[in-house]
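All remarks here apply to the structure that follows.
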Amino acid sequence: MSSNAGKLVCVTGASGYIASWIVRFLLHRGYTVKATVRDPNDPKKIDHLLKLDGAKDRLKLFKANLLEEGSFDSVVEGCQGVFHTASPFYHDVKDPQAELIDPALKGTLNVLNSCAKSTSLKRVVLTSSIAAVAYNGKPRTPDVLVDETWFTDADFCKKSNLWYVVSKTLAEEAAWKFVKENNIDLVTINPAMVIGPLLQPVLNTSAAAILNLINGAQTFPNASFGWVNVKDVANAHIQAYENASASGRHCLVDRVVHYSEIVKILREQYPSLQLPEKFPKKRPRAWELHLLLWK
């Protein structure tokens, strides 16, 4: 821990699910953290961060808007590492461009523009998603190798209204283009469905996928997903920053399980819960899987 004393890093969107755990682990490792939130006066956004061990002395909160050019300049200044996690994640959208795509895409470029001005920066770690990897129409049979060249086809996903998938894909593609042009060291983390304990007081979208099963759902999706624990995802971000040899894109999946197994685990752990007993016989196509999670 002491070896990181005095080391300054930035976490954007710090009140979010993954970001809150990143902040917790960074503080535990001795870093001083400059954390951005949309509203530093909102107790729901900041109270859980201020209660973290080490926060009193080594956590500094800043207001920053993803869509405001230059709003991250003063936050990034002096930092050796930037963890850019801020990106909206929900599915009930009225205006996909304004609510999801602009904050993800323009927000990422705004943060990277601030990084390009920094003289202290060593590395940026970007929270991307398997959503930016998997939806490209290629078969995913056991003999097919998924590698770092795989990017989701955003145009295909637009036709299917997979707006979150589009937002993460466009943001990551733009990030790689920008860092190559501006000589910034970037590593991306591409987790599957992230679940596990919540530090923040409000429910996040990926945890809601589990909650939906215990809140009176009649059926569960006839589908398998990759799942990964939020603590592992947060630790992976820090390893990606600290390990000098880390580079490129990193998919994070602990296990791939069918929803029936999730229901089985819930039933074993909480026998009194009313859980769905069945799933539709028809298996969804690959692009439909994302939509299924939040019905």
Side-chain angles (χ1 to χ4, degrees), residues 8-28 31-79 81-111 113-115 125-127 129 163-164 167-168 171 191 194-212 215 230-231 233-234 237 294:
L8 191 59
V9 293
C10 164
V11 179
T12 69
S15 60
Y17 182 37
I18 296 170
S20 295
W21 279 101
I22 294 173
V23 172
R24 177 172 172 171
F25 290 153
L26 285 168
L27 290 172
H28 179 71
Y31 288 94
T32 297
V33 181
K34 294 169 90 172
T36 75
V37 291
R38 270 177 300 182
D39 184 2
N41 298 312
D42 182 352
K44 281 185 182 173
K45 299 287 184 190
I46 66 164
D47 279 5
H48 68 285
L49 296 173
L50 296 176
K51 289 173 186 167
L52 295 173
D53 285 349
K56 188 178 175 188
D57 301 316
R58 290 181 285 107
L59 178 64
K60 304 174 192 315
L61 294 177
F62 294 82
K63 179 183 174 69
N65 185 332
L66 286 170
L67 297 178
E68 191 182 314
E69 238 174 278
S71 69
F72 291 87
D73 285 2
S74 61
V75 194
V76 169
E77 192 180 330
C79 290
V82 171
F83 298 85
H84 178 45
T85 75
S87 188
F89 180 19
Y90 52 94
H91 293 263
D92 184 21
V93 292
K94 308 281 187 293
D95 183 345
Q97 189 69 40
E99 293 175 63
L100 285 178
I101 296 171
D102 284 350
L105 176 57
K106 290 183 181 175
T108 296
L109 291 175
N110 276 341
V111 170
N113 259 310
S114 297
C115 292
V125 180
L126 172 70
T127 310
S129 169
W163 297 112
Y164 170 70
S167 75
K168 295 303 283 186
V194 184
I195 53 173
L198 281 66
L199 291 176
Q200 83 282 4
V202 291
L203 186 71
N204 56 290
T205 302
S206 56
I210 303 294
L211 186 65
N212 290 345
N215 271 355
V230 66
K231 294 182 186 180
V233 176
H237 280 74
W294 294 275

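Numbers here simply count residues along the sequence, with the first being 1.
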Minimum heavy-atom separation for [X] and [Y], please, with both atom names.
X: V75; Y: C79; answer: O-SG, 3.4 Å
X: K34; Y: S74; answer: NZ-O, 3.0 Å
X: V11; Y: A19; answer: CG1-CB, 4.0 Å
X: A64; Y: S71; answer: CB-O, 3.9 Å
X: N65; Y: F72; answer: O-CE1, 3.6 Å
X: A104; Y: S87; answer: CB-OG, 3.4 Å

Margin query: Run H237 and F25 through side-chain contact (heavy atoms from CB on, under 4.5 Å) and show every step you take.
Written below: CA-CA 10 Å; H237 280 74; F25 290 153; over 6 Å; no

Point-to-point distance, once rounded to the nearest 0.5 Å, from [atom1] of [X] to [atom2] of [Y]:
X: L211; Y: S206; atom1: CG; atom2: OG; answer: 11.5 Å
X: T85; Y: I22; atom1: OG1; atom2: CD1; answer: 5.5 Å
X: L59; Y: Y31; atom1: CG; atom2: OH; answer: 15.5 Å
X: E99; Y: W163; atom1: CD; atom2: CH2; answer: 12.0 Å

Output a table of donor-acceptor pairs, distance under 3.5 Å, between side-chain atoms of residues 38-56 and any protein atom two or more places apart or on a different chain; print 'none' if there are none.
from : atom 1 : to  : atom 2 : distance (Å)
D39  : OD1    : N41 : N      : 2.9
D42  : OD1    : K44 : N      : 3.0
H48  : NE2    : S20 : OG     : 2.9

Margin query: Under a 3.5 Å cutoff, is there a donor and acceptor pairing between the side chains of H84 and T127?
Written below: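 On atom types as modelled, these side chains do not qualify, holding no pair under 3.5 Å.
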
Notebook entry, point to check: Side-chain donor-acceptor pair under 3.5 Å between E69 and N110, yes or no?
Noted result: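 Result is no, nothing qualifies.
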
Next item on the list: Quick one: list whatever passes side-chain hydrogen bond (donor to acceptor under 3.5 Å, both in side chains) with D73, sequence neighbours left out.
Entry: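 D73 satisfies side-chain hydrogen bond (donor to acceptor under 3.5 Å, both in side chains) with S114, K117 only.
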
Margin query: Run the side-chain hydrogen bond (donor to acceptor under 3.5 Å, both in side chains) test against T36 and tell me which residues pass, sequence neighbours left out.
Written below: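 By the side-chain hydrogen bond (donor to acceptor under 3.5 Å, both in side chains) rule, T36 matches no residue at all.
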
Flag side-chain contact, heavy atom, 4.5 Å: [X] against [Y]:
X: T12; Y: C10; value: yes
X: F83; Y: L26; value: yes
X: L67; Y: D102; value: yes
X: V194; Y: Y17; value: yes
X: V230; Y: P197; value: yes

Next item on the list: Check for a donor-acceptor pair, side chain of T32 on one end and backbone N or O of L8 on the other, with a separation under 3.5 Å.
Entry: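 Checked: no pair found.
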
Next item on the list: Let me see the working for V9 and V82 under side-chain contact (heavy atoms from CB on, under 4.5 Å), right down to the final yes or no.
Entry: CA-CA 6 Å; V9 293; V82 171; over 6 Å; no

Note to self: For a side-chain contact (heavy atoms from CB on, under 4.5 Å) check, start with the C-alpha distance between R24 and L199, then their side-chain angles and the critical distance, and finish with the verdict.
What the structure shows: CA-CA 9 Å; R24 177 172 172 171; L199 291 176; 3.6 Å; yes

